[in-house]
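Structure first, commentary second.
In the text below, chain A, chain B and the rest are named by the order of the sequence lines, each starting its count at 1. None of the values given here were measured: they were computed from a predicted structure.
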There are 2 protein chains.
Amino acid sequence: MARVTIQHVAQAAGVSPSTVSNFLNDRQGRMVAATRARIEAAIAELGYRPNRAARQLRNGKTQTVGLVVPSVGNPFWGAFAHEVEVAALALGCSVLLCNSERDPERERRYVEELWEDGVRSIILCTSLPSLDHVSHVIEEGLRLVTFDRPAQPNDPQSVVSISIDNNVGGQVATAHLLELGHTSIAFVSGSIRSVNRSARYRGYCDALEAAGLSVADMPQWTGMDASHFGDVEAAEVGRAAARDLFADPTNAPTAVVAINDMTALGFCRGLRDLGLKVGRDVSVIGFDDIILADLYDPPLTSVRQPITRMAQLAVSEAIERGSNESTDPGSSVLLRPELVVRESTEHVPSAARP
Amino acid sequence: MARVTIQHVAQAAGVSPSTVSNFLNDRQGRMVAATRARIEAAIAELGYRPNRAARQLRNGKTQTVGLVVPSVGNPFWGAFAHEVEVAALALGCSVLLCNSERDPERERRYVEELWEDGVRSIILCTSLPSLDHVSHVIEEGLRLVTFDRPAQPNDPQSVVSISIDNNVGGQVATAHLLELGHTSIAFVSGSIRSVNRSARYRGYCDALEAAGLSVADMPQWTGMDASHFGDVEAAEVGRAAARDLFADPTNAPTAVVAINDMTALGFCRGLRDLGLKVGRDVSVIGFDDIILADLYDPPLTSVRQPITRMAQLAVSEAIERGSNESTDPGSSVLLRPELVVRESTEHVPSAARP
DNA sequence: CTGAAAGCGCTAACAA
DNA sequence: TTGTTAGCGCTTTCAG
């Protein structure tokens, strides 16, 4: 059977194509109930489904929302992508998924391509300090929602940001360790050259200082070089950090704040390589609270991001704004992270006490 | 600046639009070198990019490949989606991602919608015994590649399947446990109502029988009911299985083959709840070899699926077939799984020996 | 070897 | 309140 078009529906309903089009586009006020009913019936009977390509060609836009994540290979982003897809589906949209590998150039290319393909709403999971690489598209009218990156002073007006308050997250994580009696706490991250990471780091510093401790006195791990930017390697970073930090036992921390759960898990693995026991010997706390945090042995203490809620927010900002104007453009939504205490953090080991 | 169309290019190159179109569609034999060069120059100068919507409207197809996975929330599928995206990118295609939650109805709807939207190539990660729910679209010309589901006798001719040989996988896993001296080996799965799962189960049975053991003598876990079909809950399944199997210690296994790594990890977690130690007390083996298998404590023995290779195959079958006709339609590619031995499997504990 | 013209399915002026 | 019409940007016969 051939494709059924708006013409067929019009014919079957005894009206003109434009009336059907009006019907389809929620301008039903413009027609009398009987007409509406006839169109409805015709659509149902013929099993008509509007052709997206034609619609897009005509309107210059899709019903698709673009989602650019660092990498779905990382369980956190996989879970987030999943939530985004669920939320978008509820609003009748599909999701075009792209992995940026945290490469600014790939981010730019993807955003541009999506734009060229008629995608007018993009959720960009980036944490680059600047949005310059995509600002020209924003100026043309792209509705951009950044995720995991609070708004920065120089961001274009129209951008909305969804993220947790990473500074608070860093503080909460560190404070938890301090309360357990730790005074030698390292911060482990592949690179803190991104706004959310540096916010977490600042939270860590703030908490330390509030406790009268100096960051300079903490065991330092200078991380891997910037070329290891991908999220797939997050676990590798943690593992390397464990190896390096404990190479000199006199300078080894009793606790660690990891930039995310994958890094934390990698760190735990590294500890294991060294014959150290997570919790008993070294406390480890991560960020994100991915499913695996609870599955791990020992279950990992983590700072939870409420991804379901965040995905809903991101999608509704991306899709519905313009019609709803629910949030002020240029604003940041900063959700409160939640500390989930499990067994990877324990009181400072007695041997290390004064 | 306004959109640059094929017209502009034509004008700039001093030719007609149709010539440019010919150029674009690799019919360059139809024009003299000088013309070609002028068009190339014009495209470069104007920064022309063809409009996909128009192209699609005209051709009735996209450059997009649809990917339907059970759920990117499961790290295995996240990793696979990532590999697919990489492979597609290399071929100039984008990926439209859909989560079926293993619901046949959602699978059907997604496949239909993708088709309606002009997507002509779909990688469907399903393990439903029948493809009936999408066969009408296949008849209309959909290029379908199934993943994780070997071809079945009644499948439409044109379908190509990519998967590992799950039967062999099940055998290898079980044989490994047998070699370690285990004789009480349970099989843990949420449901084996899918072709790949039942193949793994059969492999398990085969190996047992080859060793002169009877499946009926093994501790049985009858799984959760079919409503728990999602991949997100895989870990829950494992955890529940551990609780149930060890409720009656006289009937507890010394080793377990889990249907996948997430279930295996959940099982390990369940063991921990019971104060049992993975490896020492109970050996656990999973399937997939997700990144986390190596990160876990103890690192998980697993049957690896070569996802990078599989993703490449799936994408090239989905996109390039028709031009290439590389593989016979209707065929199955069955890759060999690889046993990765780590520390979650050990010799049968002495207490359990005769 | 290249150009002119028709039309894919839909929408938004504008007319009636 | 509904119909007519003119394209959106591209490809593809069919003439030149």
Salt bridge A:Asp103-A:Arg108, side-chain N to carboxylate O under 4.0 Å: no
Nearest to side-chain heavy atoms of [X], which nucleotide of [options]:
| X | options | result |
| --- | --- | --- |
| B:Gln7 | D:dC10, D:dT1, C:dG3 | D:dC10 |
| B:Leu24 | D:dG3, C:dT2, D:dT11 | D:dT11 |
| B:Arg55 | D:dT12, C:dC10, D:dC10 | D:dC10 |

Is the ring pair A:Phe80/A:Trp77 parallel, tilted or perpendicular, if the boundaries are 30 and 60 degrees? perpendicular
Does OP1 or OP2 of C:dC1 have a side-chain N or O of B:Thr35 closer than 4.0 Å? no
Between A:Thr19 and D:dG3, is there a side-chain N or O to OP1/OP2 distance below 4.0 Å? yes
Go through the N and O atoms of the side chain of A:Ser18 and the base of D:dT4, and report whether any donor-acceptor pair is under 3.5 Å. yes
Will you find, in the side chains of A:Arg149 and A:Ser332, an N or O donor that is under 3.5 Å from an N or O acceptor? no
Test item: side-chain donor near acceptor, A:Ser163 and A:Ser161, under 3.5 Å: no
For A:Glu83, does the CD atom have more than 12 heavy-atom neighbours from other residues, nucleotides or ligands under 6.0 Å away? yes
Flag if over 12 foreign heavy atoms under 6.0 Å of CD, B:Gln11: no
Measure from [atom1] on [X] to [atom2] on [N] and round the result to the nearest Å.
| X | N | atom1 | atom2 | result |
| --- | --- | --- | --- | --- |
| B:Tyr48 | D:dG9 | OH | P | 10 Å |
| A:Gln11 | D:dT2 | CD | P | 18 Å |
| A:Phe23 | D:dG3 | CZ | P | 15 Å |
| B:Ile6 | C:dG7 | CD1 | P | 19 Å |
| B:Asn22 | D:dT13 | CG | P | 11 Å |

Shortest non-hydrogen contact between A:Val195 and A:Pro129, atoms and distance: CG1-CA, 3.6 Å
Which atoms of nucleotides 6-8 of chain D (N or O only) lie under 3.5 Å from a protein N or O atom, and what are those distances?
from: D:dG7; atom 1: N2; to: A:Arg58; atom 2: NH1; distance (Å): 2.9

